[in-house]
Amino acid sequence: KSRLLWQPERESFPGKPGMASTRISAQLPPDIDPTKAPIAFGRRALPKLNEEIQSPEPLTQQHALMALCDLVHDPEKVYQAIQIGFVENLKTLLLHHDSTVRQKTTEILCIMAMHNVGRQGLIQKGVISALAELFDDPVDICRKNMHQVFEMMAKFPEGAADILHAGLIPLLMFKLKSELDEIQELILDTLSNCLRVEASEALSSGAITILKQKLTHSSVTIRSKAARVLLAIGTHPEGKVVVGEVIPVLVSLLEDTDPEVQASATGALMFATVKPQGRFSALGAEAIPPLLKLVAGETSKARLSAIKTLTMLAELPEGRRKLLDHTDMFQQCLNDPCEAVKRAAEIAICVIKWKPY
Amino acid sequence: MFIYQQREISNISKYKLYGNVFFTFIPVQSTQLDLFEIQRQREARRRALARKRAKEQMQLRTPEPVEGREHVHVQTELYLEEISDRIIEVDMECQTDAFLDRPPTPFFIPAKTGRDVATQIEEGELFDFDVEVEPILEVLVGKTMEQALLEVMEEEELAQLWAHQRAYAELRNAELAEVQRLEEQDRRYREEKERRKLQHMQMLQKQKETTEKIAAWAFAKRYLTDLIPSVFNNLRESGFFYDPIERDIETEFLPWLMTEVEETLEKKVLGRMMLDSLIRTVVEKRLDAFSQEPLSGQTEAPTEEPGPIDAAPQEADETEAADLPVTASEESDQPVAEEQLSRRISFQLEEPDRAETEDLETE
C-alpha cells in the first residue's frame, strides 16, 4: 500500500463544536418531515413544486405532492396554483400507476375544492371528467377522495351542472350498489345535490329501486341521505310521480329513532304530497299521526317540513276533517321563534279552515 | 547467477577495428557447476573455436612477414587496452531492500509556549437548562397548538358552513314545497273555475237557444196565421179561382170577336185604300190633262178642283153610304162607334190629301 506523503489538515470549526445554529424563523424548521419536498421561499414555492411534479421520478413527485398538500390549505396558494396551471399536471397525475401519487393528488383536489376559487378553477379545467376515470380505482382512499371532490362540487350550481353534463349520474347510481358505506354516503350527498337541478337521468336509470333499498339500510346516515335524494327527486314534477311509489316506506321512516332520518323523510314526503295522487297515497298510509307527533316536538328539525306536509294533506277533504281536531297544535307553533315556522303554521291553519263555499 | 555479456571478438587488424559489440558465453566461476554444464561449456568452446577457424580461413590474410621482421599485433587506438582472453570479471550484485512499513509520522507537537491556564465550567454556570429550554418549548408547543387550532378551526368553519347550508336548504325546501303546493292549488282552482265557467257558458247557451226557439215559434205562428187567407187572396187575385163561363167567354169568345172585327176593319181599310188610289190616279190624270192646257184650263182647274173635291166627299159619302149597308148587319154599338172613328180617320186621311193637292197646285 502506498501512502501519500502529504495529508490535508483538519479544518477547525468556528465557535464551539456541537452546537446547533440559532436560527429562529416563523416557518417550521427545515427537513422536519423527510417525506416532503423542501418548499422554496415565497412566490417561488408553487412553481418549483410544479416543476417537481412533472419530473419522471415517482419519489420526487410524491415529495412534491405531500408538500403541496399542506400548502393548499391556504386559499391564496390555491389561487396561485390555479394561475400557474397546476391543475393540468394534477389531471395527468390522476392516472399515475403509483397509488400514493394518486391518493395525494385526489387529496389535493379535495382540499382545493373546499375553497371557492379552487372550485371555479376545477370547473374551468374540466377536472370532473378526468376524475371520472378513477371510479374503478382499486385503492379505497383514492375513490373516497374522488367522491368527496364530487360532493363538494355538487354543492353549488355550476358544479352540479358540470357533473350532470359529464353524464356521471348513471355511473354514480350503479356504484351505489357496490361501494363501501362511507363512499355511499358521499355518493348520496352528491346525488341529492345534482338531482335538485335535473332528475330525468336518474329516473331513467332506475333510481327509485336502488333508493328504496337504501331507505331500509342499517346505517342511519345512509337512510337519511337516501331520503334526501328522494327529496331532491321530488322537487321535479316527473319525480313526484315516481316518489309516490315510495310513500309507504317514507311514512314508516317517520317513526325512525334518528331525527335526521325523520327530517329527511318528512322533506321527501313534503314534495311527494304536492300532487293529488301522492296525497291520497299518503293519507292511505296513515301519515297524519306521525306528522302530528313531529310537529308537537319542539326541537325537532322536521317541524317545518311536517307542518308543510300537513298543509298539503289538508288540501284534501278527509285530511281537513282529520286535522280540524288538531288545530290547537298549530296554534302553538305560532309562537315559535323561527319565522318560517310561524308563517307555515299560519298557512296551515288557513288551509285547514278553508271551506269551499 | 549467470551474467550474460554480449561480446564479439572483432577482427583486430592493424588498420581497423570493427565495432565493439561483445558477444560470448563466458562461464561464470561458480562452485556448483554440474558435470553436464561442464560438458556443455566444453562443447561450446569447441564450436566457437571451430567457427573461429572457419572464419579465419575465409578471411583474408595478410602477407607473410618479410625476413627479419615479424608481424606484431599493435593497438592503434587512442588508449591502450590490455587484451586478454580472460576477461576481468567482477561479481556484482544488486538487490532492493524488502519494503518496510513506513513508520507513522510522529505527532507534531509544537513546542510548548506560553503559560498553562485551566478553566472549568461548573454546573449551572453557563445556563440553566430549565429556564433556557422554556422559550424553545413554548415555541414548539405554540406552533403545534397553532397548527392544530388552525386545522380545528378550518374544520369547524366547514362544519358551520355545512350546518348553515343545511338550514338554508331546509328553508328553501319548505319554501319550494309551499310554492309547489300553491301552484297545485292554483292549478286545481283554475281548472275548477274553468269547468264551472264552461258549465255556465253552456247553460247560458242553452238558455239563449231556448228563448230564440220560443221567439221563433211565436213569430212563426203569428206570421203564419194570416197565411191561408192571404194565400187564397193571392190565388184569387192571380186568377186561380175562376168562373168557368166567364173564363170561357174570355178565352174563346172574345178573341173570336176581335178577329172578326179586325177582319171587318181590314176590309174597310182596304176599301178606303182602294178608293184612295182611285182618286189619286184620277187626280193625276186630270192634272196631266190640265197641265197640257194651262191657259184654258186654269179657270177650269179651280172649278175642277172643287169638283173632284166635292166628288171626293161625295164619293166618300157614297162609299160611306155603301159602307153603311155593309155595316148595317152589325148591331152592337161598338162597330158604330168604330165606324165613326173610321170616318174620322178617313177625313183625316183626306185632309192630308187635300193639303197635298193644294201644294201641288201652288207649285
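A, B, ... follow the sequence lines: proteins, then strands. Residue 1 opens every chain.
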J.: Is it the side chain or the backbone of Phe108(B) that comes within 4.5 Å of chain A heavy atoms, both, or neither?
T.: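 Answer is neither: Phe108(B) stays 4.5 Å or more from chain A.
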
J.: Side chain, backbone, both or neither: which part of Ile347(A) has a heavy atom under 4.5 Å from chain B?
T.: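 Contact with chain B: side chain only.
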
J.: Could you tell me whether Asp101(B) atom CG has more than 12 heavy atoms of other residues or ligands within 6.0 Å of it?
T.: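 No, the 6.0 Å shell around CG holds no more than 12 heavy atoms from other groups.
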
J.: Taking atom CD as the centre, does Glu76(A) end up with more than 12 heavy-atom neighbours from other residues, nucleotides or ligands that are less than 6.0 angstrom away?
T.: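 For Glu76(A), atom CD is not crowded (no more than 12 foreign heavy atoms under 6.0 Å).
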
J.: Taking only heavy atoms into account, what residues of residues 192-211 of chain B are found under 4.5 Å from chain A?
T.: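 Those residues of residues 192-211 of chain B which would need a heavy atom under 4.5 Å from chain A do not exist here.
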
J.: Determine the minimum heavy-atom distance between Ala177(B) and Met312(A), stating which atoms define it.
T.: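 Residues Ala177(B) and Met312(A), closest heavy atoms: O-CE, 3.2 Å.
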
J.: Looking at Pro276(A), Ala232(A), Ala344(A), which has the largest count of heavy-atom pairs under 4.5 Å with chain B?
T.: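 With the most close heavy-atom pairs to chain B, the winner is Pro276(A).
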
J.: Taking 4.5 Å as the heavy-atom cut-off, does anything in residues 148-160 of chain B contact chain A, and if so which residues?
T.: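 If one takes a 4.5 Å heavy-atom cut-off, the residues of residues 148-160 of chain B near chain A are Glu154(B), Leu158(B).
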
J.: Return the option, out of Glu170(B), Glu183(B), Glu178(B), Gln185(B), with the maximum number of heavy-atom pairs under 4.5 Å with chain A.
T.: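 Heavy-atom pairs under 4.5 Å are most numerous for Glu178(B).
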
J.: Could you check whether Arg279(A) pairs with Glu184(B) (Lys NZ or Arg NE/NH1/NH2 to Asp/Glu carboxylate O, under 4.0 Å)?
T.: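 No, this pair does not count.
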
J.: Report, as yes or no, whether the 6.0 Å neighbourhood of atom OH on Tyr189(B) holds more than 12 heavy atoms from other residues, nucleotides or ligands.
T.: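 Yes, OH of Tyr189(B) has more than 12 neighbouring heavy atoms, counting only those of other groups under 6.0 Å.
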
J.: Would Gln180(B) and Lys240(A) count as having a side-chain donor-acceptor pair, cut-off 3.5 Å?
T.: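 Judged by distance alone, the side chains do pair up.
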
J.: For Leu49(B), does the CG atom sit with more than 12 other heavy atoms under 6.0 Å from it, leaving out its own atoms?
T.: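 Check passes, neighbour count above 12.
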
J.: For the CD atom on Glu182(A), are there more than 12 heavy atoms of other groups (residues, nucleotides or ligands in this structure) within a distance under 6.0 Å?
T.: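 Atom CD in Glu182(A) is not crowded, with 12 or fewer foreign heavy atoms closer than 6.0 Å.
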
J.: Could you check which of Glu175(B), Arg187(B), Arg188(B) has the highest count of heavy-atom pairs closer than 4.5 Å to chain A?
T.: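 So the answer, after comparing Glu175(B), Arg187(B), Arg188(B), is Arg188(B).
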
J.: Strictly by modelled atom types, are Asn173(B) and Arg196(A) linked by a side-chain donor-acceptor pair under 3.5 Å?
T.: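 Yes.
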
J.: Using a strict threshold of under 4.0 Å (side-chain N to carboxylate O), is an ion pair present between Arg181(B) and Glu315(A)?
T.: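 A salt bridge is present here (some side-chain N lies under 4.0 Å from a carboxylate O).
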
J.: Taking side chain as everything from C-beta outward and backbone as N, CA, C, O, which of these in Thr311(A) sits under 4.5 Å from a heavy atom of chain B? Side chain, backbone, both or neither.
T.: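 Both backbone and side chain of Thr311(A) come within 4.5 Å of chain B.
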
